[in-house]
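Atoms within a ligand are numbered from 1 in the order they appear, just like the ligands themselves. Below, all heavy atoms of this structure are taken into account, side chains as well, without hydrogens, waters or symmetry copies.
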Amino acid sequence: MELLEQISQRLQAGKAKEVKSLVQQAIDAGVPAQDILEQGLLSGMSVIGEKFKRNEVFVPEVLVAARAMNRGAELLKPLLMQEGVKATGRACIGTVQGDLHDIGKNLVKMMLEAKGLEVIDLGTDVSAETFVKTAAEQNCQIICCSALLTTTMSVMGDVVRAAEAAGIRNQVKIMVGGAPVSQAFCDEIGADAYTPDAASAADFAASVCGA
Ligand code: B1M
């Protein structure tokens, strides 16, 4: 079986140690880090996501797959960073209040760092006030909000309003993303950018910080 397919399969089985070892084998074989990420790790995670939706797997299986995903992604981080272009700037990132999904947020963080940005990771379940307070106190050029639940994405609108109320809206860009988020939603809440994946999120953040 091809290495990337094996990574995807073992991730679906939640075998973190095997995933880590296969990712290392793929790196040693010269497979580009981006391909290992997309065709191995993310491909496996997307199969798990579909099965979760159909109630074919449940929270424990999803959690072990997520752990395997993180173990593999850790190995890729330095490689993605080597391939990145140096830029200067500071961002804060978090998953919005009420939402504990952090795999996508962690990937976005990794890609931002790969572009040379300093990233303050606020974790999950982050309130609008915390995003804005951090951006103001730490002089962030961009606030990055991730949401995976339709019930939590409205917090992104709260972030925009909190930034306006704090008087920092013209100093900071607000980028939103995550599976239920769209360009239409971004426009509706008055955020600056919607990006569909970690790579385009990093491109946008780097362009803001380089400007
Ligand atoms: Co949950 N969950 N989950 N879950 N989970 C979803 C999101 C769901 C779609 C599954 C389903 O189909 N039913 C569904 C949401 C339905 C909805 O709102 N419409 C769902 C649900 C319902 C729930 C619970 C309510 C389940 C329950 O308890 N009954 C519960 C909620 C807990 C909470 O947050 N309060 C829950 C719990 C969990 C786990 C804890 C088991 C686990 C999270 C583990 C973790 O994150 N540490 C989990 C997982 C893993 C998923 C699925 C299967 C996978 C999500 C994921 O990590 N994908 C997900 C199903 C799915 O998405 N198909 C599902 C891989 C990740 C790389 O993709 O995060 O989309 P994603 O990130 C992408 C892009 O979206 C983008 O970049 C990334 C890739 O390049 N991106 C950004 C993300 N953030 C960005 C920010 C940006 C830009 C781009 O700029 C700032």
Side-chain angles (χ1 to χ4, degrees), residues 8 11-12 14 16 33-74 76 80 91-115 117 119-127 131 134-135 140-156 159-160 172-183 185-186 189 191-209:
S8 165
L11 183 145
Q12 291 168 48
Q34 197 67 36
D35 290 356
I36 302 174
L37 180 65
E38 283 169 12
Q39 295 165 39
L41 298 174
L42 285 178
S43 144
M45 206 59 219
S46 126
V47 175
I48 282 289
E50 285 307 309
K51 288 188 175 170
F52 189 41
K53 202 179 338 186
R54 296 194 298 266
N55 289 324
E56 290 168 19
V57 297
F58 301 96
V59 170
E61 288 100 319
V62 177
L63 278 176
V64 287
R67 193 185 54 190
M69 161 98 203
N70 286 334
R71 293 287 289 277
E74 275 164 20
L76 297 178
L80 291 166
C92 62
I93 190 166
T95 306
V96 300
Q97 193 157 34
D99 201 327
L100 302 175
H101 295 85
D102 67 357
I103 300 173
K105 184 266 295 171
N106 292 341
L107 275 179
V108 173
K109 177 189 173 194
M110 191 196 292
M111 298 297 275
L112 258 60
E113 288 177 340
K115 291 274 182 188
L117 302 184
V119 184
I120 300 167
D121 187 352
L122 300 169
T124 59
D125 194 18
V126 181
S127 70
F131 277 113
T134 306
C140 297
Q141 288 106 316
I142 181 161
I143 295 176
C144 307
C145 305
S146 179
L148 264 287
L149 298 173
T150 47
T151 49
T152 59
M153 56 198 273
S154 62
V155 176
M156 293 171 164
V159 175
V160 175
V172 69
K173 299 285 183 200
I174 298 174
M175 174 167 60
V176 294
V181 181
S182 63
Q183 184 62 53
F185 177 73
C186 169
I189 63 170
D192 297 294
Y194 157 72
T195 48
D197 54 53
S200 54
D203 285 343
F204 178 79
S207 73
V208 166
C209 294

Notebook entry, point to check: Who are the residue neighbours of ligand 1 when the rule is a heavy atom under 4.0 Å from any of its atoms?
Noted result: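 Those residues closer than 4.0 Å to ligand 1 by some heavy atom are Leu42, Met45, Gly49, Phe52, Lys53, Val59, Val62, Leu63, Gly98, Asp99, Leu100, His101, Asp102, Ile103, Gly104, Leu107, Val108, Cys144, Cys145, Ser146, Leu148, Leu149, Thr150, Met175, Val176, Gly177, Gly178, Ala179, Thr195, Pro196, Asp197, Ala198, Ala201.
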Next item on the list: Name all residues meeting the side chain to side chain donor-acceptor pair (under 3.5 Å) criterion together with Asp192; count only those two or more places apart in sequence or in a different chain, and write none if there are none.
Entry: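 Partners of Asp192 by the side chain to side chain donor-acceptor pair (under 3.5 Å) criterion, ordered by chain and then number, come out as Arg169.
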Next item on the list: Without swapping roles, check the side chain of Thr95 against the backbone of His101 for a donor-acceptor pair under 3.5 Å.
Entry: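 Between the backbone of His101 and the side chain of Thr95 there is a qualifying donor-acceptor contact (under 3.5 Å).
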Check: Taking atom types as modelled and ignoring hydrogens, do the side chains of Gln12 and Ser8 form a donor-acceptor contact shorter than 3.5 angstrom?
Finding: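 Yes - a donor-acceptor pair under 3.5 Å links their side chains.
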Notebook entry, point to check: Quick one: do the Asp197 and Ser200 side chains pair a donor with an acceptor below 3.5 Å?
Noted result: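 Per modelled atom types, Asp197 and Ser200 side chains form a pair under 3.5 Å.
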Quiz: residues 52-59 side-chain donor-acceptor pairs under 3.5 angstrom, not counting sequence neighbours:
| residue | atom | partner | partner atom | Å |
| --- | --- | --- | --- | --- |
| Arg54 | NE | Glu56 | OE2 | 2.7 |
| Arg54 | NH2 | Glu56 | OE1 | 3.3 |

Next item on the list: Kindly write out the residues that satisfy side-chain contact (heavy atoms from CB on, under 4.5 Å) with Thr152, not counting sequence neighbours, or none if the list is empty.
Entry: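 Thr152 satisfies side-chain contact (heavy atoms from CB on, under 4.5 Å) with Val96, Asp99, Ala147, Leu149 once adjacent residues are dropped.
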